Amino acid sequence: MSPLKISKYFSFAASRDWLYRYTFANAGLQSMKTDIGDGTIMHCWIPKIHKPSKPNLLLLHGFGANAMWQYGDHLRHFTAPFNVYVPDLLFFGESYTARNERTEAFQAQCVMKMMGAQGVDRMSLVGISYGGFVGYNMAVQFPESVERLVLCCTGVCLEEKDMEDGLFKVPNLDEASSILLPQTPEKLRELLRFSFVKPARGVPSWFLSDFIHVMCTDYVEEKRELIHAILKDRHLSNLPKITQPTLIVWGEQDQIFPLELGNRLKRHIGEGASLVVVKNAGHAVNLERPKEFLRHLRSFLVDNNNNVSSC
């Protein structure tokens with residue numbers, strides 16, 4: 001039977017998604033939807049049994065399939081020391097809103113309401129890429145609730161003029177959106193080239209089409225609006241500073257948010273931040289260099305060691 005016929009009857013993406021669901025459930029988490037009002041539903045993986053003796057850890061995903069795909073391979077390392085919460089941000093996975101807000105500030109408020117509904121008022125958090133935008137904003141809006149942050153390849157210090165100044169490899173937001181929200185195998189290949197130093201080669205188009213069909217066709221316009229909201233009228237001078245201990249993790253060869261933005265973020269936060277630069281890694285550092293990524297997260301979050309040196 002040809003690969004095309006196989007893909008007609010068997011979806012690798014849907015099967016992998018099912019496997020991640022099994023992994024999350026086996027790790028002691030359960031799927032929960034919370035209605036936080038005004039037509040907004042937040043989906044989150046939460047502990048089946050919340051243990052008050054443990055600290056809480058919030059894992060925020062970036063653009064991509066859903067939260068499970070970005071944290072599924074790391075989850076087991078954190079469920080022993082923490083009560084772990086892994087939400088789908090709005091318009092990813094099973095979270096959505098009828099409201100028109102698209103800013104990371106609104107995302108942060110929705111995540112905080114969802115966590116409040118679970119009785120969680122203090123937490124550390126990890127934010128990957130777009131999830132770091134949301135996490136940073138949570139630290140700004142709710143400083144008493146956010147204890148420590150890990151910001152991974154999070155271009156929160158970008159400015160609207162950076163696009164015009166040529167900091168990014170894409171010429172405009174429309175082109176960036178077409179890559180971050182791939183709707184064709186060619187665009188998905190382009191996203192892989194931007195995200196990994198050594199992207200997988202020879203991946204057949206039918207496999208990529210299957211992933212797009214299962215993971216990339218919901219809320220496309222709303223996600224495009226999220227991307228535009230990130231950059232609109234953004235100026236570093238308007239970005240509030242945070243005071244929580246912060247670990248910044250960056251792929252040395254990140255082509256989506258260049259390392260300059262990591263250095264800029266370190267300078268902006270100041271003494272409260274440590275910057276780890278992971279060699280031979282791009283934007284998807286959590287997937288490309290998982291051992292180094294986990295080592296630094298455990299050192300910062302579990303061992304409470306701020307003396308983190310670059311790889």
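Since this is a predicted model, take the numbers as computed values, not measurements. We number each residue from 1, following the sequence as shown.
Tracing side-chain contacts under 4.5 Å through hydrophobic residues (I, L, V, M, F, W, Y), one reaches Leu149 starting from Leu275; they form part of the same cluster. Using a 4.5 Å cut-off between side-chain heavy atoms of Ile, Leu, Val, Met, Phe, Trp and Tyr, with links allowed through other members, Val285 and Leu297 fall into the same hydrophobic cluster. Under a hydrophobic clustering in which Ile, Leu, Val, Met, Phe, Trp and Tyr are joined whenever their side-chain heavy atoms come within less than 4.5 Å, directly or via other members, Leu29 and Met123 fall into the same cluster. Under the 4.5 Å side-chain heavy-atom criterion for Ile, Leu, Val, Met, Phe, Trp and Tyr, Phe12 and Leu191 are members of the same hydrophobic cluster. Under the 4.5 Å side-chain heavy-atom criterion for ILVMFWY residues, no single connected hydrophobic cluster contains both Trp18 and Val214.
Taking the six-membered ring for Trp and the full ring otherwise, Trp69 and Phe211 have centroids separated by under 6.0 Å. With ring centers used as reference points, Phe63 lies under 6.0 Å from Tyr130.
Residues Asn137 and Phe106 have side chains not in contact (no heavy-atom distance under 4.5 Å, counting atoms from C-beta outward). The shortest side-chain heavy-atom distance between Met138 and Met112 falls under the 4.5 Å cut-off. Residues Cys44 and Met32 have side chains not in contact (no heavy-atom distance under 4.5 Å, counting atoms from C-beta outward). Between Leu247 and Cys152, every side-chain heavy-atom pair lies at or beyond the 4.5 Å cut-off.
Classified by interplanar angle (parallel below 30°, tilted 30° to 60°, perpendicular above 60°), the ring pair His283/Phe257 is perpendicular. Aromatic ring orientation, Tyr219 versus Tyr96: parallel (interplanar angle below 30°, classes split at 30° and 60°). Using bins of under 30°, 30° to 60° and over 60° for the plane-to-plane angle, the ring pair His74/Tyr71 lands in the perpendicular bin.
Salt-bridge formation is detected for the pair Glu260/Arg267: a Lys NZ or Arg NE/NH1/NH2 atom is positioned less than 4.0 Å from an Asp or Glu carboxylate oxygen. One finds no salt bridge joining Lys232 and Glu160 here, because no Lys/Arg side-chain nitrogen approaches an Asp/Glu carboxylate oxygen to under 4.0 Å. A salt bridge between Asp162 and Arg264 is present, with a side-chain N of the basic residue lying under 4.0 Å from a carboxylate O of the acidic one. Taking the charged nitrogens against the carboxylate oxygens, Glu175 and Lys187 do have a contact shorter than 4.0 Å, which makes a salt bridge. Taking a cutoff of 4.0 Å between a charged side-chain nitrogen and a carboxylate oxygen, Arg289 and Glu252 do not qualify as a salt bridge. Under the 4.0 Å criterion applied to side-chain N and carboxylate O atoms, Glu225 and Arg99 are not assigned as salt-bridge partners.
Put simply, OH on Tyr20 and CD on Gln70 are 10.0 Å apart, with the number rounded to the nearest 0.5 Å. Rounded to the nearest 0.5 angstrom, Leu261 CG and Leu167 CG are separated by 5.0 Å. In this structure, NE2 in His50 is found 10.0 Å from CD in Gln118, a value given to the nearest 0.5 Å. Distance check: Ile36 CD1 to Met42 CE gives 6.0 Å after rounding to the nearest 0.5 Å. Interatomic distance, NZ of Lys33 versus CD1 of Ile46, reported as 14.0 Å (0.5 Å rounding). Distance check, rounded to the nearest 0.5 Å: CG of Leu89 to CZ of Phe133 gives 12.5 Å.
Between Glu159 and His235 the shortest heavy-atom distance is OE2-CA, 3.5 Å. Of all heavy-atom pairs between Gly62 and Ser129, the closest is CA-CB, 4.4 Å. Closest non-hydrogen pair, Cys216 versus Val220, comes out as O-CG2, 3.5 Å. Among all heavy-atom pairs drawn from Ile230 and Glu104, the shortest one is CA-OE1, 4.3 Å. Glu288 approaches Val197 most closely through the heavy-atom pair OE2-N, 2.7 Å. In this structure, Leu90 and Cys110 approach most closely via the heavy-atom pair CD1-SG, 3.8 Å.
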Problem set entry | Worked verdict on Leu226 versus Phe92 for side-chain contact (heavy atoms from CB on, under 4.5 Å) | CA-CA 11 Å; Leu226 294 178; Phe92 296 88; 3.9 Å; yes

For this session: Apply side-chain contact (heavy atoms from CB on, under 4.5 Å) to Leu60 and Val126, showing your working.
Result: CA-CA 6 Å; Leu60 299 174; Val126 179; over 6 Å; no

For this session: Would you please test Leu57 and Leu125 for side-chain contact (heavy atoms from CB on, under 4.5 Å) and show each step?
Result: CA-CA 5 Å; Leu57 180 63; Leu125 67 82; 5.6 Å; no

For this session: Before giving the answer on side chain to side chain donor-acceptor pair (under 3.5 Å), spell out for Ser205 and Arg189 the whole-Å C-alpha distance, their side-chain angles and the decisive distance to 0.1 Å.
Result: CA-CA 9 Å; Ser205 293; Arg189 287 193 181 94; 3.0 Å; yes

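Side chain of His268 to main chain of Leu239: a donor-acceptor pair is present (N/O by atom type, distance under 3.5 Å, no hydrogens or angles). Under the 3.5 Å distance criterion, the side-chain polar atoms of Asp254 are left unmatched by any main-chain donor or acceptor of Leu259. The closest donor-acceptor contact from the side chain of Asn56 to the backbone of Arg122 lies under 3.5 Å. Side-chain atoms of Arg102 do not come within 3.5 Å of backbone N or O of Gln107 as any donor-acceptor pair. Looking only at distances, no side-chain donor or acceptor of Gln183 sits under 3.5 Å from a matching main-chain atom of Thr217. Judged by distance alone, the side chain of Asp38 and the main-chain N or O of Thr40 form no donor-acceptor pair under 3.5 Å. With Ser299 contributing its side chain and Arg295 its backbone, the two residues share no donor-acceptor pair below 3.5 Å. Judged by distance alone, with hydrogens and angles left aside, the side-chain atoms of Gln255 form no donor-acceptor pair with the main-chain N or O of Lys169 at under 3.5 Å. Between the side chain of Lys54 and the backbone N or O of Ala80 there is at least one donor-acceptor pair closer than 3.5 Å.
Within a 6.0 Å radius of CD in Glu221, more than 12 heavy atoms belonging to other residues, nucleotides or ligands are found. The environment of CZ in Phe142 is crowded: more than 12 heavy-atom neighbours from other residues, nucleotides or ligands sit within 6.0 Å. Within 6.0 Å of the NZ atom in Lys48, the count of heavy atoms belonging to other residues, nucleotides or ligands exceeds 12. For His213, the NE2 atom sits in a loose shell: 12 or fewer heavy atoms of surrounding residues, nucleotides or ligands are nearer than 6.0 Å.
Side-chain polar atoms of Glu147 and Gln244 form no donor-acceptor pair below 3.5 angstrom. Between the side chains of Ser145 and Asp121, not a single donor N or O lies within less than 3.5 Å of an accepting N or O. Arg21 and Ser31 are not linked by any side-chain donor-acceptor pair at a separation below 3.5 angstrom, with hydrogens and angles left out of the test. Looking at Asn263 and Trp250, their side chains never bring a donor and an acceptor atom within 3.5 Å of each other. No donor-acceptor contact under 3.5 angstrom links the side chains of Asn66 and Asp88, judged on distance only.
Each of Thr79, Val86, Leu19 was evaluated against Phe24; a single residue qualifies, Val86, per the side chain to side chain contact (heavy atoms under 4.5 Å, CB included) test. Pro47 pairs with exactly one of Val84, Val120, Asn83 by the side chain to side chain contact (heavy atoms under 4.5 Å, CB included) rule, that one being Asn83.
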